[in-house]
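Heads up: the structure comes next, in structure tokens.
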Amino acid sequence: MSAAARWRDRVAASDPGLLRLAAGLRTVAAISLTLLVLSLLGADVQHLVAGAIAAMVATFAVREKQRDKQAVTLALGLPVALASLSLASALSSRQVVGDVFFVVLIFCAVYGRRFGDRGTALGLIGFQVYFLALFVGVTAGSLAGFCGVVVLAFGCGAVARFALVPQTPAGILERLRQAFRARLAQLIDAQLELLDAGPDEVEKALAHVREGTARLHETAMMIQGRLEEGTSDESVARLVQRRIADAEIAAERLGLLLLTARSAERADTLTLHLPGAPVPEGGRLPVRDEALDTLRRDLTALGLLVRQPVTEGAGTAQVRNRLLGYRDEENLPKASPAVQDVFRGLGEAARAVLGLRIALDGPQDESDDSPETARSREELDAEDAAIEAEQEPPETGLRRPTTRAAVQVAVGSSLAMVGGELLSAHRWYWAVLTCWIVFLNTASTGEILVKGYRRLLGTVFGVVAGIALAGVVGRHTGTAFAVVLLCVFAMFYTAPLSYTLMSFFVTAALGVLYTLLHTYSLSVLVLRVEETALGAACGVVAAALVLPVRTDRRTNELLTTVLDRLTDVTSAAVDQLSGGPPADLLDRARDLDQALADLRAATQPLTHPVTPLRTRRDTARYVVALLETCAYHARSLAATAELLPSHPSIAADPRLSGPGQRILHNIGAIAARVAEEPGAAEVRTGPSIASLLKPGGLRTPRYGRVTDRVLRHLQRLDEAVLGLARPLGVPVAGPR
């Protein structure tokens with residue numbers, strides 16, 4: 001593999017879909033074009049700064065995925081921006097009336113989030129342009145000139161979005177597919193590292209496997225969120241979704257089998273999902289022999305197969321045929337049962353990669369197919385042919401999240417406004433801005449506290465950087481704007497990764513802008529820190545006292561949702577595996593993954609490194625890891641159940657419904673306990689589901705039939721659900 005190809009893979013894997021890169025380049029292009037036109041028109045520094053801020057707002061506020069919707073939102077945003085600017089200038093001399101209107105504007109901007117991406121964008125534009133007017137000091141006499149600047153900035157933003165840095169849903173999806181391949185290849189490399197790691201290196205190697213598994217799942221979720229807009233029709237979207245899910249499940253299972261091959265006993269799936277979990281007892285470097293040498297070679301070959309998605313030479317076809325041959329019991333090398341399981345996992349992973357290549361790149365050359373490869377293609381074709389192209393009542397009034405957040409941010413902004421004016425009669429708006437920002441994309445008091453802490457931390461370090469940059473650029477306008485552009489690009493590129501870094505670059509850029517406006521001083525930057533701390537504190541106070549949503553309540557609501565989604569997937573999968581009618585399992589699995597992602601984000605205040613509640617932090621991490629384990633096994637059951645209509649070696653077995661019913665009862669009992677329902681049921685225990693594999697139970701060939709694997713997934717799911725009972729305080733009944 002060439003150095004250029006490796007570099008492209010690293011970039012694609014680090015920034016799936018190049019979404020962060022495109023966001024940074026698009027914003028920088030819009031600002032640069034605005035500054036260029038204004039400079040040619042002879043605008044002064046004040047108008048240049050206003051143009052730069054307006055162009056940035058016009059670019060980052062619009063978040064729709066379809067280009068036509070983006071154009072409509074941008075067109076509607078311009079009159080909103082002009083109205084906000086006009087009102088700010090008209091009220092600039094009437095402090096009390098202006099302050100009251102600003103609070104009303106903040107309430108409306110947050111309330112607008114209930115109307116989706118467009119409502120969010122228009123509210124953001126209205127608020128930010130009003131803030132712009134306060135920042136540059138727009139008055140009634142200078143209004144006409146600044147209105148022209150805003151119109152120009154929106155026009156340049158449109159040119160940057162649709163011409164200079166264009167993005168189409170299909171193009172984004174294609175880049176996300178490339179990122180999935182790159183991250184899949186990186187995960188295979190990490191698994192190879194785990195196989196070869198010595199006793200002192202195994203913890204680090206396992207951490208790399210965990211990270212690679214999580215990043216692969218993140219990319220799979222991003223692809224699923226873009227399928228409807230980026231594919232030609234629903235059947236193509238479902239096909240891609242299926243192949244992505246197959247590849248993710250096969251790769252995760254291969255990692256688990258490799259971990260088991262290093263251990264004295266079968267590894268628990270939780271080991272791959274719980275950060276800091278130790279290597280299973282007996283973890284060791286496998287004895288080097290011919291079978292393990294072959295395993296290392298074939299793991300490397302699987303990585304190459306993933307990295308070569310289109311062009312297949314004879315050598316690649318031979319590698320593919322050899323790996324697919326491991327799906328046949330007769331082709332396995334002589335080795336321990338655990339190592340043979342890894343070879344079987346390699347065969348299943350190779351089949352998933354073949355399906356992924358066909359789905360993403362179209363039909364492949366079949367002239368070099370082995371019988372096993374031909375059989376795999378037939379199975380995939382049969383599955384493809386089988387793919388065919390209760391909402392909860394909405395909350396109303398103050399229970400509606402957008403209404404509650406609007407009231408909270410209005411109260412918090414009022415407090416920040418009063419306190420900010422006590423600190424500074426001219427720059428009080430920084431406190432209001434911080435209070436506004438900490439409420440964006442947050443839903444509980446704990447989330448607001450963490451976000452406020454991160455913004456304050458980034459601001460403190462940004463002030464130090466702003467002092468240094470202001471001293472370097474001095475009064476050189478061109479150099480100053482070049483530094484601002486670099487900070488803006490870094491701000492958008494790092495925003496999804498670290499809110500602290502984003503705040504750092506924002507504050508550093510502001511230090512340079514103050515220099516251009518001839519208002520820079522050390523006291524101004526120190527005041528920025530004070531106003532930021534005040535705004536964050538006011539936001540936390542408002543969230544804690546006004547219609548509060550405690551972190552515990554928020555996480556319990558999301559935990560109940562996850563358990564409900566887990567019930568949906570497990571119930572439908574077990575029912576179909578037991579002979580019931582087919583169901584839409586992939587969409588249900590996607591809903592489960594999204595609910596789990598929401599819960600993971602909501603538990604950040606509980607799992608943050610600075611939290612003093614160590615026991616609570618460890619419990620939250622453990623519960624989320626157990627739920628991720630449950631989701632993995634539920635996805636695997638769903639993927640297997642979807643094969644029933646087309647796969648010749650898979651048959652429904654009605655005896656699977658018995659173990660499934662116990663699992664579903666236990667999930668329901670835990671959900672009822674979390675929801676604090678009266679008379680909640682107890683969790684039941686009973687014989688091991690794996691015992692059904694013994695003589696007289698569901699005895700089947702180890703591979704070639706799937707009942708064995710289905711039972712193992714049910715067993716692990718049963719164990720993980722029982723594991724949830726203890727940390728969540730659910731009573732456990734004896735065997736029945």
Side-chain angles (χ1 to χ4, degrees), residues 6-33 52-53 55-67 70 74 117 120-121 124 128 157 160-187 211-212 214-227 229-230 437 440-441 451 454-455 458 461-462 465 482-509 594 597 600-601 604:
R6 286 195 298 270
W7 182 82
R8 285 195 301 270
D9 275 357
R10 282 196 294 269
V11 172
S14 63
D15 182 13
L18 303 182
L19 297 178
R20 302 200 320 268
L21 178 64
L25 291 177
R26 188 187 306 117
T27 307
V28 168
I31 296 174
S32 301
L33 186 59
I53 297 176
M56 182 173 66
V57 172
T59 305
F60 78 76
V62 181
R63 296 295 181 88
E64 282 106 339
K65 297 174 183 176
Q66 296 89 351
R67 289 164 64 85
Q70 294 174 5
L74 197 59
D117 288 338
T120 302
L124 190 59
Q128 292 287 359
R161 177 178 297 276
F162 300 116
L164 298 181
V165 191
Q167 279 189 306
T168 62
I172 292 174
L173 182 59
E174 177 58 32
R175 288 190 291 273
L176 284 172
R177 292 169 178 175
Q178 296 171 2
F180 185 84
R181 282 188 174 120
R183 286 192 164 180
L184 179 57
Q186 289 180 348
L187 176 56
E211 180 184 6
R215 296 179 73 188
L216 184 69
H217 181 64
E218 173 194 18
T219 310
M221 289 292 294
M222 294 175 70
I223 290 174
Q224 291 176 357
R226 299 274 179 172
L227 281 174
E229 296 84 9
I437 287 177
L440 293 178
N441 300 319
K451 192 171 184 180
R454 288 172 175 169
R455 183 167 182 84
F461 287 107
V483 172
V484 169
L485 289 175
L486 288 175
C487 290
V488 167
F489 175 81
M491 174 179 68
F492 281 92
Y493 192 79
T494 60
L497 302 177
S498 170
Y499 187 72
T500 300
L501 277 177
M502 188 196 77
S503 301
F504 166 81
F505 287 114
V506 169
T507 306
Q594 186 57 58
R600 193 183 302 112
Q604 285 186 1

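Keep in mind the model is a prediction, meaning the values are calculated, not measured.
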Close side-chain approach of Y499 and I437, heavy atoms under 4.5 Å: yes
So CG of L21 and CZ of F489: to nearest 0.5 Å the spacing works out to 5.0 Å
T59 and T27 have their tightest heavy-atom pair at CG2-OG1, 3.6 Å
So CD of E64 and OG1 of T120: to nearest 0.5 Å the spacing works out to 9.0 Å
For A214, the side chain to side chain contact (heavy atoms under 4.5 Å, CB included) test, sequence neighbours excluded, returns none
Under the side-chain contact (heavy atoms from CB on, under 4.5 Å) rule, what do R183 and S14 come out as? Steps first, then yes or no, please. CA-CA 8 Å; R183 286 192 164 180; S14 63; 5.7 Å; no
TODO: Side-chain contact test, heavy atoms from C-beta onward, threshold under 4.5 Å: evaluate it for M56 versus F492 and give yes or no.
DONE: yes
Across all chains, not counting sequence neighbours, the side chain to side chain donor-acceptor pair (under 3.5 Å) partners of Q167 are R26
For A465 and A508 the tightest heavy-atom approach is CB-CB, 4.1 Å
One should read off an interatomic distance between M221 CE and R226 CZ, to the nearest 0.5 angstrom, of 13.0 Å
> Does L124 reach the side chain of F60, with side-chain heavy atoms less than 4.5 Å apart?
Replying inline: yes
Smallest heavy-atom separation, S32 atom then L485 atom, equals OG-CD1, 3.3 Å
Output for pair (F504 CZ, S498 OG), nearest 0.5 Å, gives 11.0 Å
Between T494 and L497, is there a donor-acceptor pair closer than 3.5 Å when you use the side chain of the first and the backbone of the second? no
F180 side chain near M222 side chain, heavy-atom distance below 4.5 Å:
no
Value for CG (L18) from CD (Q178), rounded to nearest 0.5 Å, stands at 8.0 Å
| task | Using a strict cut-off of less than 4.0 Å between a Lys/Arg side-chain nitrogen and an Asp/Glu carboxylate oxygen, indicate whether R20 and D15 qualify as a salt bridge. | result | yes
Nearest heavy-atom contact between A22 and V165 is O-CG1, 4.0 Å
Looking only at heavy atoms, the pair that brings A30 and A160 closest together is N-CB, 3.6 Å
What one should report as the nearest heavy-atom pair of L164 and A29 is CD1-CB, 4.2 Å
Note to self: Please evaluate residues L176 and I172 with respect to the criterion side-chain contact (heavy atoms from CB on, under 4.5 Å), reporting the C-alpha separation (whole Å), side-chain torsions for both, the decisive distance (0.1 Å), and the verdict.
What the structure shows: CA-CA 6 Å; L176 284 172; I172 292 174; 4.1 Å; yes
Sub-4.5 Å side-chain heavy-atom contact between P166 and R67: yes
Rounding to 0.5 Å, atoms CD (E174) and OG1 (T168) come to a distance of 10.0 Å
List the steps and the verdict of side-chain contact (heavy atoms from CB on, under 4.5 Å) for L173 and R177.
-> CA-CA 6 Å; L173 182 59; R177 292 169 178 175; 3.7 Å; yes
Looking at E218 and R215, is there a salt bridge between them, counting it only when a charged N and a carboxylate O are closer than 4.0 Å? no
